[in-house]
Amino acid sequence: MSSVIYERLRRNPKFDELVQKRGSFARTLAAIVLIIFYGFFMLVAFNPKVLGQPIAEGSMWAIGYTVEMGMFVFFWILTFIYVRRANGEFDDLTAEIIKEAQKETK
Amino acid sequence: MSKRFTTALALLAFAGLATAAGPALQGDIQTQPTNWHAIIMFLIFVTMTMGITYWAAGRTKTSSDFYTAGGGITGFQNGLAIAGDYMSAATLLGLTAMTFSRGYDAYIYMMAFFAGWPIILFLMAERLRNLGRFTFSDITSYRLDPSVRTMAALSSLVVVVFYLIAQMVGAGQLIKLLFGLEYNYAIFAVGILMMVYVTIGGMVATTWVQIIKACLLLFGGTLVLILGFSQFGFSLTTLLEKVTAVHKLGADIMTPGSLLSDPVTALSLGLGLMFGTAGLPHILMRFFTVGNAKEARKSVLYASGFVGFFFNVIFLMGLVAVLLVGQNPEYFEGGDIKGALIGGGNMVAMHLAHAVGGNMLLGFLAAVAFATILAVVSGLALAGASAIAHDIYARVIRKGECTDKEEIKVSRMATIALGILAIILGIAFEKQNIAFMVGLAFGVAAAANFPVLILSMYWKGLTTRGALWGGYGGVISAVLFVVFSKSVWVDVLHNAAPLFPYTQPALFAMPIAFLCAYVFSVTDSSARATKERDAFEDQYVRAQTGFGASGASH
């Protein structure tokens with residue numbers, strides 16, 4: 001029984017749309033985080049001196065500290081963006097797909 | 001700085017509470033004079049949480065209530081609880097101490113602890129919630145043979161037990177320091193309180209202990225920072241000018257030091273922290289306490305917000321401490337500010353609390369540290385109990401044919417057994433160098449739990465044979481890499497040179513697990529394997545839509 005309804009959910013073209021849209025969105029965001037994170041770690045490993053330089057002549061703010069604080073904020077904003085879109089647009093689409101599949105049963 | 005110190009610090013930061021047991025605190029930890037402020041405030045915390053446990057007991061009737069609070073926790077509450085589960089006393093004490101002595105290096109660690117969360121959200125949170133019920137083994141064994149469940153439960157237990165030992169030993173030593181309580185009393189207090197919370201109140205009580213503790217920790221840390229930072233007009237520039245002028249690292253305090261100078265270690269540590277977090281059973285379990293994928297996503301949003309905020313607070317606390325603690329002879333042995341801190345390196349945060357808020361604030365922060373230990377230990381015990389009672393007993397031994405009542409009874413017995421084990425091991429390991437244990441726990445989580453879990457969610461081709469090889473391959477290689485590394489082979493077993501040159505196993509053990517899982521899956525041509533691959537379709541639809549996912553019972 002459940003297999004039948006899963007089959008029906010899957011056949012819905014909106015299912016492919018959901019999977020494609022949400023999947024590529026999530027993968028893109030994950031790639032951004034991973035690239036920045038490991039890029040930053042490689043900088044720490046290979047060229048730490050750069051990170052200790054001030055952001056401007058005479059400033060007490062080091063590049064590393066400033067960039068990293070920016071990463072904290074940026075990564076969190078990315079989670080916010082994902083949650084907003086997934087809980088809105090994507091979940092609406094999901095609800096539609098489920099509704100349509102259940103309607104067919106009746 | 002010697003490499004040995006670097007390694008030790010690496011493990012420390014890793015370390016949850018193991019910090020307290022790391023080399024920085026080895027040698028003499030003297031019992032401090034009894035701290036009555038702290039004890040009274042801690043007793044208030046215990047009374048409050050006991051009240052909650054009593055209330056929770058009335059709401060813990062089914063196994064779903066016991067393991068997941070009936071799925072009735074909201075995203076915001078769960079976000080706080082995750083933050084409470086994730087930020088151990090070492091986050092507060094270890095990382096402030098690390099900032100105090102090493103400056104910017106500590107901030108790099110904080111980023112490594114933080115960056116796993118967005119990844120968990122993007123790649124895992126939703127599927128975890130849609131596929132799982134009580135434990136993450138529910139997901140790995142969703143379409144595979146029960147032997148995969150046994151494997152996942154065993155590797156969960158390995159992670160839980162190592163983590164638990166580290167927490168217990170750290171707890172005993174910390175409490176001795178902070179409260180002036182005997183080590184063994186402290187161990188018994190933690191073990192017994194944890195058993196009470198978990199056996200009586202299950203996940204409902206554990207969640208609320210974690211929520212309260214997270215609030216106290218956020219409040220306490222922020223208050224100390226505000227009081228301290230106000231002395232510098234809340235100006236980072238002023239603060240940094242003064243810190244650079246007095247710190248032994250001088251201007252280099254904001255430059256990465258020797259901590260991650262070796263690229264292999266840096267990468268391995270980054271991988272281990274990021275994916276270890278995504279494989280910790282007590283963290284994964286929290287995703288089943290919310291009603292649906294929407295709330296699961298919100299949980300991560302709030303949790304990462306709190307965790308990220310707190311790391312930044314801690315880093316600034318460490319810098320403020322350089323001036324307010326580091327320049328005050330009152331906090332040093334014999335009044336010599338070039339000497340050792342009273343109570344050891346990990347006392348920086350506590351001394352700072354005293355410096356800005358007197359004995360009251362010191363007592364408050366010490367009580368928060370104790371509460372923190374309890375919350376983390378309770379979460380671990382519950383995760384261990386669910387692996388024993390739900391996975392091994394109810395699903396594998398009884399093949400799902402056991403009543404809810406029986407399962408809860410076994411869970412409670414398992415919790416008590418884990419509590420007793422934790423007490424015994426806590427006492428047995430008092431004098432041991434247990435810094436490697438949390439490294440081991442994260443290593444196993446990253447190399448055994450994570451690969452099989454992520455493959456089971458994303459890869460159609462995974463079969464039982466591949467999952468077993470991948471999982472056991474990951475556990476065994478992670479354990480062996482750690483045993484042959486300097487932290488066990490030399491520091492514990494006293495051999496002359498390590499057989500494996502790096503202390504972080506993740507970069508090596510993770511590929512082994514993935515490779516084993518892949519090779520033994522694609523070469524599996526049994527009829528069972530074909531059936532398992534076919535079953536992926538339904539699982540995939542459910543993972544994507546949440547249709548058929550276990551809902552909230554409240």
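Values reported hereafter were calculated over all heavy atoms of this structure, with side chains retained and with hydrogens, waters and symmetry mates removed. The chains referred to below are lettered A, B, ... by the order of the sequence lines, with proteins before strands, and numbering in each begins at 1.
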Participant: Heavy-atom distances under 4.5 Å only: say whether Leu123(B) touches chain A with side chain, backbone, both or neither.
Facilitator: side chain
Participant: Between Asn292(B), Leu271(B), Asp252(B), Thr238(B), which residue shows the highest count of heavy-atom pairs closer than 4.5 Å to chain A?
Facilitator: Leu271(B)
Participant: Evaluate whether atom CZ of Phe80(A) has more than 12 neighbouring non-hydrogen atoms of other residues, nucleotides or ligands under 6.0 angstrom away.
Facilitator: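 12 or below, so no.
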Participant: Side chain, backbone, both or neither: which part of Phe309(B) has a non-hydrogen atom closer than 4.5 Å to chain A?
Facilitator: neither
Participant: Name the member of Leu267(B), Thr255(B), Val264(B) that forms the most heavy-atom pairs with chain A at distances under 4.5 Å.
Facilitator: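 It is Thr255(B).
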Participant: With a 4.0 Å cut-off, would you call Asp534(B) and Lys460(B) a salt bridge?
Facilitator: no
Participant: For the residue pair Thr99(B) / Tyr104(B), report whether a side-chain donor-acceptor contact shorter than 3.5 Å exists.
Facilitator: no
Participant: At a heavy-atom separation under 4.5 Å, does Leu18(A) approach chain B through its side chain, its backbone, both, or neither?
Facilitator: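 Leu18(A) touches chain B through side-chain heavy atoms alone.
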Participant: Non-hydrogen atoms of chain B under 4.5 Å away: do they reach the side chain of Phe15(A), the backbone, both or neither?
Facilitator: side chain
Participant: Is Ala112(B) in contact with chain A via its backbone, its side chain, both, or neither, using a 4.5 Å heavy-atom distance?
Facilitator: both
Participant: Should we count CZ of Arg84(A) as having more than 12 external heavy atoms under 6.0 Å?
Facilitator: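 At most 12 heavy atoms, drawn from other residues, nucleotides or ligands, come within 6.0 Å of this atom.
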Participant: Report which part of Phe40(A) has an atom under 4.5 Å of a heavy atom belonging to chain B: side chain, backbone, both, or neither.
Facilitator: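 Looking at Phe40(A), just its side chain touches chain B.
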Participant: Would you check, one step at a time, whether the test side-chain hydrogen bond (donor to acceptor under 3.5 Å, both in side chains) holds for Thr545(B) with Tyr6(A)?
Facilitator: CA-CA 10 Å; Thr545(B) 61; Tyr6(A) 281 133; over 6 Å; no
Participant: Quick check on side chain to side chain contact (heavy atoms under 4.5 Å, CB included): which of Val44(A), Asn47(A), Val50(A) does Pro256(B) satisfy it with?
Facilitator: Val44(A)
Participant: Is Met110(B) in contact with chain A via its backbone, its side chain, both, or neither, using a 4.5 Å heavy-atom distance?
Facilitator: both
Participant: Which bit of Tyr38(A) is near chain B, if near means a heavy-atom gap under 4.5 Å: side chain, backbone, both or neither?
Facilitator: side chain
Participant: Side chain from CB out, backbone as N, CA, C, O: work out which of these in Met69(A) comes under 4.5 Å of a heavy atom of chain B, or both, or neither.
Facilitator: both
Participant: Starting from the C-alpha separation in whole Å, work towards a yes-or-no answer on ring pair (Phe, Tyr, Trp, His ring centres under 6.0 Å) for Phe113(B) and Phe310(B).
Facilitator: CA-CA 12 Å; Phe113(B) 276 115; Phe310(B) 200 63; over 10 Å; no
Participant: Chain B heavy atoms under 4.5 Å from Thr79(A): which part of the residue, side chain, backbone, both or neither?
Facilitator: both
Participant: Could you check whether Arg22(A) pairs with Glu126(B) (Lys NZ or Arg NE/NH1/NH2 to Asp/Glu carboxylate O, under 4.0 Å)?
Facilitator: yes
Participant: Looking at Ala30(A), Ala95(A), Ala62(A), which has the largest count of heavy-atom pairs under 4.5 Å with chain B?
Facilitator: Ala30(A)
Participant: Would you please test Phe114(B) and Trp76(A) for ring pair (Phe, Tyr, Trp, His ring centres under 6.0 Å) and show each step?
Facilitator: CA-CA 10 Å; Phe114(B) 175 73; Trp76(A) 190 79; 9.2 Å; no
Participant: Could you check which of Met71(A), Arg10(A), Glu68(A) has the highest count of heavy-atom pairs closer than 4.5 Å to chain B?
Facilitator: Glu68(A)
Participant: What part of Ile98(A) lies closer than 4.5 angstrom to a heavy atom of chain B: side chain, backbone, both or neither?
Facilitator: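 The side chain, not the backbone.
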Participant: Among Leu301(B), Leu240(B), Thr244(B), which residue has the highest count of heavy-atom pairs closer than 4.5 Å to chain A?
Facilitator: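 Greatest number of close heavy-atom pairs with chain A: Leu301(B).
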Participant: I'd like to know if Arg129(B) pairs up with Glu295(B) as an ion pair, taking the criterion as any Lys NZ or Arg NE/NH1/NH2 lying under 4.0 Å from an Asp or Glu carboxylate oxygen.
Facilitator: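 No, this pair does not count.
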